[in-house]
Structures are given as C-alpha cells and as structure tokens.
Amino acid sequence: MVLYQFAGGGTTLVEAKLLNRDIIGVDVNDIALERCREKTDFDIENAKGKVYIKKGDARNLDFAPNESIDLICTHPPYADIIKYSEDIPEDLSLLKVKDFLEEMKKVASESYRVLKKDKFCAVLMGDTRQKGHMIPMSFEVMRIFEDAGFKLKELIIKEQHNCKATGYWKTNSVKYNFLLIAHEYLFVFRK
Ligand SMILES: C[S@@+](CC[C@H](N)C(=O)[O-])C[C@H]1O[C@@H](n2cnc3c(N)ncnc32)[C@H](O)[C@@H]1O
C-alpha cells in the first residue's frame with residue numbers, strides 16, 4: 001500500500017492506479033479530495049490499482065497502524081507560498097515558514113511510524129525567497145525527516161517550469177550554466 005498525504009490534485013493517485021499499486025490519498029481540503037475522486041474515476045484495461053481517498057491530517061495518521069505502508073510519496077505545501085485554502089485550521093499552507101517547519105516534525109514522525117522497515121519515503125519540496133534572501137526550506141525539511149529516523153538514499157533535482165522566477169532567470173541561467181530557484185528537490189529516504 002502506498003501513502004500519499006497532501007494529495008492535492010491527485011497526480012500520484014492516478015499514476016498509482018495506472019501502475020496497479022494500491023494507494024491512500026489524504027488531504028484536509030474537501031475540494032482537493034473531490035478533485036482526487038474525479039481524476040481517479042476512470043477505467044483503463046490493466047489499470048487495477050485501488051485508490052482510497054481519505055479526509056485527514058498528515059500530522060495524525062491514526063487510521064494507519066505502525067509499519068503498515070510500503071511506500072510514501074508526499075508533496076507538502078511549501079509553507080505559505082501558495083495558500084491552498086483560506087480558513088481550514090489544519091491546512092499547513094496557511095503557516096509561515098517557522099511554524100510550518102515545526103508542524104513538519106509531526107508529519108515526519110507519523111511518516112516514520114507508519115512506514116515498514118527498509119521501505120522508502122519520497123518527499124518533494126521547494127525553497128523560497130523572503131525580503132531578498134534565500135530560505136532553503138527544503139533542506140530544513142530534509143533534516144527534519146533525518147531527525148525522525150530516516151536515512152537519505154537519493155537527492156533528486158527536479159527542474160521546475162513556469163514558476164514565477166522562471167522567465168526572469170531563464171535566459172542568463174541557460175547562457176551561463178547555473179540554476180537559481182527553478183527546481184525542487186525530491187528527497188528519497190529509507191526507513
Ligand atoms: C503542494 S499541494 C499537493 C499537490 C499534489 N502533489 C498535486 O500533484 O496536485 C499541497 C496539498 O496539501 C494539503 N494539505 C495542507 N495541509 C495538510 C495537512 N495537514 N494534511 C493533509 N493535507 C494537507 C492542501 O490542502 C493541498 O491540497
């Protein structure tokens with residue numbers, strides 16, 4: 001069973017179904033959950049993964065027993081860069097960086113609890129900029145997962161297109177061969 005907390009638009013639910021993997025998508029937002037239901041409501045031959053969609057908080061996965069999950073794929077909000085709701089109290093996208101990171105400790109510890117030993121937990125995270133300074137939030141999240149007990153297996157850089165900074169930096173970064181914030185990190189941890 002795959003766990004996909006912060007399910008949002010449900011991309012990974014669709015891919016899991018296509019790959020014949022059973023998956024649980026968790027989100028606090030009813031609109032996101034409805035979108036997940038719509039997107040995964042298809043029949044394709046050989047796409048037999050079962051999709052379970054659940055309203056819940058990634059900081060408290062009490063529906064999942066200890067060591068019951070085979071793989072975690074997760075894509076948390078990047079603190080409050082994009083607010084996914086206006087007033088859902090459990091929505092971590094309403095929190096400033098410091099409070100967001102504090103709450104991510106609970107997400108990391110729940111992830112560690114529910115994952116089977118030796119299995120993988122993949123976390124997609126980006127960084128931000130505040131008042132002209134770089135905030136390397138993704139590395140803070142990486143440390144939080146390490147502190148929860150995970151070991152980093154791979155660090156994958158995913159190029160990000162069409163983000164706010166892309167147009168501004170693109171020409172010079174291609175010309176001089178450097179990357180500013182135009183990517184996200186996919187941290188692959190092992191329990
Ligand atoms: C970055 S989006 C996920 C995007 C998704 N990976 C996709 O491909 O569309 C973040 C999602 O996290 C959800 N969220 C915020 N706080 C949460 C929490 N405490 N527990 C579970 N989901 C939460 C938001 O409602 C939002 O849908």
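Ligands are counted one by one from 1 in listed order, and the atoms in each one are counted from 1 as well. Hydrogens, waters and symmetry mates play no part in the numbers below; they use all other heavy atoms, side chains included.
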Can you find an N/O atom of A58 closer than 3.5 Å to an N/O atom of ligand 1? yes
Enumerate the atoms of ligand 1 whose separation from the nearest heavy atom of G9 is less than 4.0 angstrom. 5 (C), 7 (C), 9 (O)
Distance under 6.0 Å and angle within 45° of ring axis: K153 vs F120: no
Give the ring-plane orientation class for F150 versus F189, where under 30° counts as parallel, over 60° as perpendicular and anything between as tilted. tilted
Residue pair S111 / V107: nearest heavy atoms and the distance that separates them: OG-O, 2.7 Å
Give me the atom names and distance for the closest heavy-atom approach of V14 to K39. CG2-O, 3.9 Å
I'd like to check which ligand 1 atoms, numbered from 1 as shown, lie under 4.0 Å from a non-hydrogen atom of N29. 25 (O)
Select one of side chain, backbone, both or neither to describe which atoms of S85 lie under 4.0 Å from any atom of ligand 1, heavy atoms only. neither
Ligand 1 atoms nearer than 4.0 angstrom to some heavy atom of T11 are 7 (C), 8 (O), 9 (O)
Looking at non-hydrogen atoms alone, which of Y84, F100, Y78, Y4 comes nearest to atom 1 (C) of ligand 1? Y84
Between E140 and R143, does any NZ, NE, NH1 or NH2 come within less than 4.0 Å of an OD or OE carboxylate oxygen? no
Please could you name the atoms of ligand 1 that G56 approaches to less than 4.0 Å, counting only its heavy atoms? 20 (N), 21 (C)
Heavy-atom nearest neighbour in the protein, as seen from atom 18 (C) of ligand 1, with distance rounded to 0.1 Å: V28 CG1, 3.5 Å
Decide, yes or no, whether a salt bridge links R35 with E38 under the criterion of side-chain N to carboxylate O below 4.0 Å. no
E90 heavy atoms, cut-off 4.0 Å: which ligand 1 atoms fall inside? 16 (N), 17 (C), 18 (C), 19 (N)
Under a heavy-atom criterion of less than 4.0 Å, does Q5 contact ligand 1? no
Using the side chain to side chain contact (heavy atoms under 4.5 Å, CB included) rule, pick out the option among L155, T74, V141, L124 that qualifies with F187. L155
Full working for side chain to side chain donor-acceptor pair (under 3.5 Å) between S85 and D91: CA-CA 7 Å; S85 73; D91 184 352; 2.6 Å; yes
Give the atom numbers and elements of ligand 1 that come within less than 4.0 Å of a heavy atom of D57. 18 (C), 19 (N), 20 (N)
Just jot down the ligand 1 atoms closer than 4.0 angstrom to any heavy atom of G8, in number order. 3 (C), 9 (O), 27 (O)
Identity of the nearest option to atom 16 (N) of ligand 1, non-hydrogen atoms only, from V107, L92, L95: L92
